[in-house]
J.: 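Attaching a single structure in structure tokens format; questions to follow.
So that the names make sense, note that chain A is the first sequence line, chain B the second, and so on, each numbered from 1.
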Amino acid sequence: MKRYDHKGIERKWQKIWASKGIFKTADAKKNSDNFYLLTEFPYPSGNLHVGHWYAFAVPDILARALRMQGKNVLYPIGFDAFGLPAENAAIKNKLNPKKWTYANIAYMKKQIVSMGASFDWSREVITADPTYYKWTQWQFLQLFKKGLAYQKETAVNWCPKDKTVLANEQVVGGKCERCDSIVEQKMMLQWNIKITDYADRLIDDLEPLDWPKEIKESQRNWIGRSEGAEIDFRLPIDTMKHVVILHSRGGTPDSDFIPWVKDELEKLGYTVEVPMLPNNTEPDDIEQSKYIAKNCTIDENTIIVGHSSGGLAAMRLLEKTKGGRLVLVGTPHNSVFADGKERASVSRSINRGYDYRKICSNVRDVIALYDSGDPIIPLSDGKAYAEKLGGIYIEGKGTIGHFNGDKEPDVLMAITPTLRVFTTRPDTLFGATYLVLAPEHPWIALVLTHCGLLTNEDEIGRYIALSKRKTELERLVDQKEKTGVKLDGVEAINPATGEKIPVFVADYVLATYGTGAIMAVPAHDERDFAFAKKFDLSIKNVIRPATLGFGPGGNYRSPTINESHENVHVYSGIGELMDSGEFNGLSGQAAKIAITERFGRKKTTYKLRDWIVSRQRYWGVPIPIIHCKKCGAVAVLDKDLPVKLPEVKDYLPEGSGKSPLAKVKTFVDTVCPKCCSKAMRETDTLDTFIDSSWHFLRYTDPKNTKEFASKKKMMNWMPVDLYSGGAEHTTMHLLYSRFWHKALFDLGLVDDHEPYRRRMNRSLILGPDGQKMSKSRGNVIDPDAIVAQLGADTVRMYLAFIGPYNEASSYPWNPDGVVGARRFLERVWRVGELVQKTDVSELTTLLHKTIKKVGDDIAAMKFNTAISQLMILLNEIEKQKKISTDQWATLLKLLAPFAPHMTEELWALAKHKSSIHTQEWPVYDPQLLQDATVTIMIQINGKTRGEIIVSSDADKATVEAKAREAMTSRMGGKSVTRTIVVPGRLINFVLEEKL
RNA sequence: GGGCAGGUGGCGAAAUUGGUAGACGCGCUAGGCUUAGGACCUAGUACCGCAAGGUGUUGGGAGUUCGAGUCUCCCCCUGCCCACCA
């Protein structure tokens, strides 16, 4: 028999498989179920590493086995081809990113083919291809049209020297990876996607998925839902005590929030006027302003509140009259000015020739409150007023859109100086002894400065500037030492106790979480405690007295209980309200609910933030938006998709933070699809996580030019039956693509609301030294070299054997171990010489056991034990020195998914005409799994004392008699009190106690 | 600090889920074939013993059980992810 020449064999069969197209997957196959096996597609970095082998070649074993077992298996691959490395290569080596990427793809494809993986290359997907990204853009626009994509000022990492935005991975230790400059935070207008709208569904829909619980758990933690309350703390520092509220078009003094807010304000000691404005269905701002001037008291201490069109009347009024504060509630507009067209009415209203400068000089401050959930008006429109008036812009949330609800807490907050906090412990409100704002607080700090009562503005300004400069790393280091500054001259009222409490700015409070402000309860929070100790603030322990049914000391964890009690004032009962009985007898949970209802509102917050998808990069999907001065951000028309990435001369960023595309005039200049006036294209590109959020859908229908994929074809395969990939994607790709799929589902574009039925995280292959492979460590294994030396089949066998695939662990690469895998294949090769015609009955039972175990283990992704069973079989064949033709065929079939090339060759040598990979998987006979004899362990008092061999059908009595006989000499004459028999395994004699 | 996953020979790991711990492979030792080599063959590879046999053993400690790597409680250690999230 000839030598096992892996090189010749592998090359030969790879060619034949490709030319015969045996791995081309039909959309459906008669009498077989479809199975969608997905593995994460690679980034075309230019070279395949061992990790890729582990990711592609090992699941290939499952793909091949499932096919032999009669499934129609889709096992596709493609390239996640957009991304930063191509652009870096372009800048560094003056290469064209497209050429660089496609050359890498061509090379890597060859490497992947060398694995013998059964990918269907006719379904290959490349995300950088215009035929693909056309649909990425189209899907983005569907989300945009649904309001799920919006622009927002967002902080980015900015390198002041390179004048460019940096990705998180380009920031190393707070410094620019390239030039070591200290990275700054810069605000830029960026596209965001409202993944937060889906937070609840992303958590709740995890439950039924067949995913490892640790992945579910980390997604839940990442989303970080916490239930708590929002509580407003009023600041009794307002000098204006008179409020005039102007109702909206179609409104009256009794409509919407007005009666409620009037009542609340009066409770706080304000006087409130609400005129019935003339001509309320077809209002005219000039007519109304005259009416107000005549009928209402307006002076420099008046707060003028205008709801919607009431805001227009207020502005007209303040052109001529001096007032105190102007509060615009909901973007002011009047659809009368635009023939009932709500959307157009905003731009018509804003451009109605108001003298904005005059209005500004006639009031002390302006607060513009907009509803982020406004059904008609985008935030950008609302913001325009704030900009023109130089006022404070507050992005609020109406209980009903445009603040048309009966109770609108945000309106009250905008009228009176108020600090809103989020807490998960409303039940400790009685112990809140100060408030803290985050330094970067978006607007609360502004509200305060406008109140004009701060006496240490400079000090606060310095502190805020300092914390802005601090990198996240520094803040982390500073964690032990709390810092902060008191707002001198400002105090807040604890709504539960009525006490005046101080207000601080401190960087231990995060602007991005909750409301960016907290109520500090030093007795029940370690951070607040540390801060209170440092600034010598009062600490009030909230105790729930046992007499009220809370149990001793309540179940509060208190960091101060065991601390020194100096400065600790123990509150008995929870304040007067408790004494008055309102909260008597409540459990902790009930107290939470009661206090929330009495002093605040129930609120759920999430750690998850909206997904920033703008990238100031060249090598990505252009965002298909056109910016028009009149119409705002407008979607590119479907017929104009894809917006193709233009060729550019140099890939350096533009300098003001925009992408290199901003330098391409022919790209930027365009016309508005709506009004046909001159307009500019968006020059940012999309985060590549969007590309990968739907690529698995494209595999089902990769050539479609009419849709991203036809529903019918998607239904053949979706949801993905098994998705195998790396643990590093748990909270990124896996969460983004789940969100994307849900968004597509809501748009009616896909039929499932979850994309992956089962997910599996694969382990990591480490270098031989047990460390992560890296060039700098010099422990990188080059798979090509090993394939050349030992063959692809050997590498496949070794990787499958290294450890269980279905556990996210890590295994060091062992060069000797690879040789062992090769040794095994050589032995199989040589066993080919022992094939003979007559049956070898000695092998029958073991062979059937092997069929069962290999099948079971592959299904469970325990390839290591499947191989060990094949080794046991091989050992026995060598011992017998013979194997029958049929048994040989069975062995080859069992081995075929693991070593596809060698088994194909041996199969051909055994004179079979068709490919082994199209054969049916062997079936075991349950009758033949049982050995003729079994070894039974004999134990005395649970200790192994011997063994007997009995025929496998021997009954209990026979086994017991035989075992007793063997053990009599050891029992020392003691009697047996109990006998335990485990059939086929052991017999245990329990002897009487020795006295 | 929080969450999750783990801890079994010299190494990678098995263990029908409470029933012979260490399958299978690597490495190592001895012997064989061979001029030599090992990607060859044979045997061995926890401890004591020539053997029969005995003893020990799954990070440590306790418990449940006829019987525990597996179940319960306490402690120790390692890895990964997140981290001033109110």
J.: Is any side-chain heavy atom of Tyr798(A) less than 4.5 Å from a side-chain heavy atom of Ile786(A)?
T.: no
J.: In whole Å, measure the gap between the P atoms of U58(B) and C71(B) for me.
T.: 15 Å
J.: State plainly whether the residues Glu905(A) and Lys7(A) are in salt-bridge range, i.e. N to O under 4.0 Å.
T.: no
J.: What integer distance in Å separates Ile940(A):CD1 from C66(B):C1'?
T.: 12 Å
J.: How far does the C1' atom of G53(B) sit from the matching atom of A14(B), given to the nearest Å?
T.: 28 Å
J.: Can you check the distance between U20(B) and U72(B), where both ends of the measurement are the C1' atom (answer in whole Å)?
T.: 26 Å
J.: Take Asn988(A) and Gly820(A), find for each the nucleotide of RNA chain B with the closest heavy atom, and name the residue whose nucleotide sits nearer the 5' end.
T.: Gly820(A)
J.: So Lys607(A) and Trp222(A), do their side chains get closer than 4.5 Å, heavy atoms only?
T.: no
J.: Is it the case that over 12 heavy atoms from other parts of the model lie below 6.0 angstrom from the NZ atom of Lys602(A)?
T.: no
J.: Using a heavy-atom cut-off of 4.0 Å across all strands, would you classify Thr423(A) as base, sugar-phosphate, or nothing?
T.: sugar-phosphate
J.: Quick one: are Leu608(A) and Leu735(A) in side-chain contact, heavy atoms under 4.5 Å?
T.: yes
J.: Respond yes when some side-chain nitrogen or oxygen of Lys213(A) is under 4.0 Å from OP1 or OP2 of A5(B), and no when none is.
T.: yes
J.: Figure out the CG/P separation between Leu873(A) and A23(B), and round it to whole Å.
T.: 18 Å
J.: Give the nucleotide from the list A23(B), G19(B), C82(B) with an atom nearest to the side chain of Ser868(A).
T.: A23(B)
J.: Between Leu986(A) and Pro804(A), name the one whose nearest nucleotide on RNA chain B is closer to the 5' end.
T.: Pro804(A)
J.: A86(B), OP1 or OP2 - any side-chain N/O from Tyr508(A) closer than 4.0 Å?
T.: no
J.: Using the P atom on both, measure C84(B) against G1(B) and round to a whole Å.
T.: 15 Å
J.: Below 4.5 Å, heavy atoms only, C-beta onward: do Leu906(A) and Leu895(A) meet side chain to side chain?
T.: no
J.: Which value, in whole Å, describes the distance between the C1' atoms of nucleotides G27(B) and G19(B)?
T.: 32 Å
J.: I need the CD-P distance between Glu214(A) and C82(B), as an integer number of Å.
T.: 16 Å
J.: Do Lys862(A) and Asn806(A) have side chains that approach each other closer than 4.5 Å (heavy atoms only, starting at C-beta)?
T.: no
J.: On the nucleotide A86(B), are OP1 or OP2 found under 4.0 Å from the side-chain N or O atoms that Ser226(A) carries?
T.: yes
J.: Check the distance between C84(B)'s C1' and Lys534(A)'s NZ and give it to me in whole angstrom.
T.: 14 Å
J.: Rounded to whole angstrom units, what separation is found between the OH atom of Tyr811(A) and the C1' atom of G6(B)?
T.: 12 Å
J.: To the nearest Å, how far apart are Glu217(A) CD and C81(B) P?
T.: 17 Å
J.: Answer with base, sugar-phosphate or nothing: what part of the nucleic acid does Gln939(A) contact at a heavy-atom distance below 4.0 Å?
T.: base
J.: Looking at Asn875(A), does any N or O in its side chain come under 4.0 Å of the phosphate oxygens OP1/OP2 on G25(B)?
T.: yes
J.: Rounded to the nearest Å, what distance is computed from the CG atom of residue Asp816(A) to the C1' atom of nucleotide G10(B)?
T.: 13 Å
J.: State, yes or no, whether a side-chain contact exists between Pro502(A) and Phe535(A) at a heavy-atom distance under 4.5 Å.
T.: no
J.: Students often get this wrong, so: under 4.0 angstrom with heavy atoms, is Phe422(A) touching a base, only sugar-phosphate, or nothing?
T.: base
J.: So, the side chain of Lys216(A) versus the backbone of Glu207(A): is there a donor-acceptor pair under 3.5 Å, distance only?
T.: yes
J.: Check this one for me: any side-chain N or O of Asn864(A) less than 4.0 Å away from OP1 or OP2 of A14(B)?
T.: yes
J.: Measure from the side chain of Val509(A), starting at C-beta and using heavy atoms only, and say which of A86(B), C24(B), C66(B) lies closest.
T.: A86(B)
J.: Please give the distance between the P atoms of C73(B) and U78(B) as a whole number of Å.
T.: 23 Å
J.: Any base atoms under 4.0 Å from Lys852(A), or only sugar-phosphate, or nothing? Heavy atoms, all strands.
T.: nothing
J.: Should the pair Lys482(A) and Phe531(A) be classed as cation-pi, given the thresholds of under 6.0 Å to the six-membered ring centre and 45° from the axis?
T.: no
J.: Under 4.0 Å between a Lys/Arg side-chain N and an Asp/Glu carboxylate O for Arg830(A) and Glu833(A)?
T.: no
J.: Is it true that Arg827(A) and Asn875(A) share a donor-acceptor pair across their side chains at a distance under 3.5 Å?
T.: yes
J.: When the P atoms of G22(B) and C47(B) are considered, how many whole Å apart are they?
T.: 15 Å
J.: Report each atom pair, protein N/O against N/O of nucleotides 38-43 of chain B, whose distance is under 3.5 angstrom.
T.:
residue : atom : partner   : partner atom : Å
C40(B)  : OP1  : Arg823(A) : NE           : 2.8

J.: Given G3(B), C84(B), G12(B), which nucleotide is nearest the side-chain atoms of Asn221(A)?
T.: G3(B)
J.: For RNA chain B, write out the stems as range with range, using runs of 3 or more consecutive Watson-Crick or G-U pairs with both distances under 3.5 Å.
T.: B:1-7 with B:76-82, B:10-12 with B:24-26, B:27-32 with B:40-45, B:46-48 with B:53-55, B:59-63 with B:71-75
J.: Given atom CD1 of Ile980(A) and atom C1' of C66(B), what is their separation to the nearest angstrom?
T.: 4 Å
J.: Could you tell me how far G9(B) sits from A23(B) if I compare only their P atoms? Round to whole Å.
T.: 13 Å
J.: Nearest to the Lys862(A) side chain among A15(B), C82(B), A23(B), which nucleotide is it?
T.: A15(B)
J.: At 4.0 Å (heavy atoms only), tell me whether Ile518(A) reaches a base, stays on the sugar-phosphate, or touches nothing.
T.: base
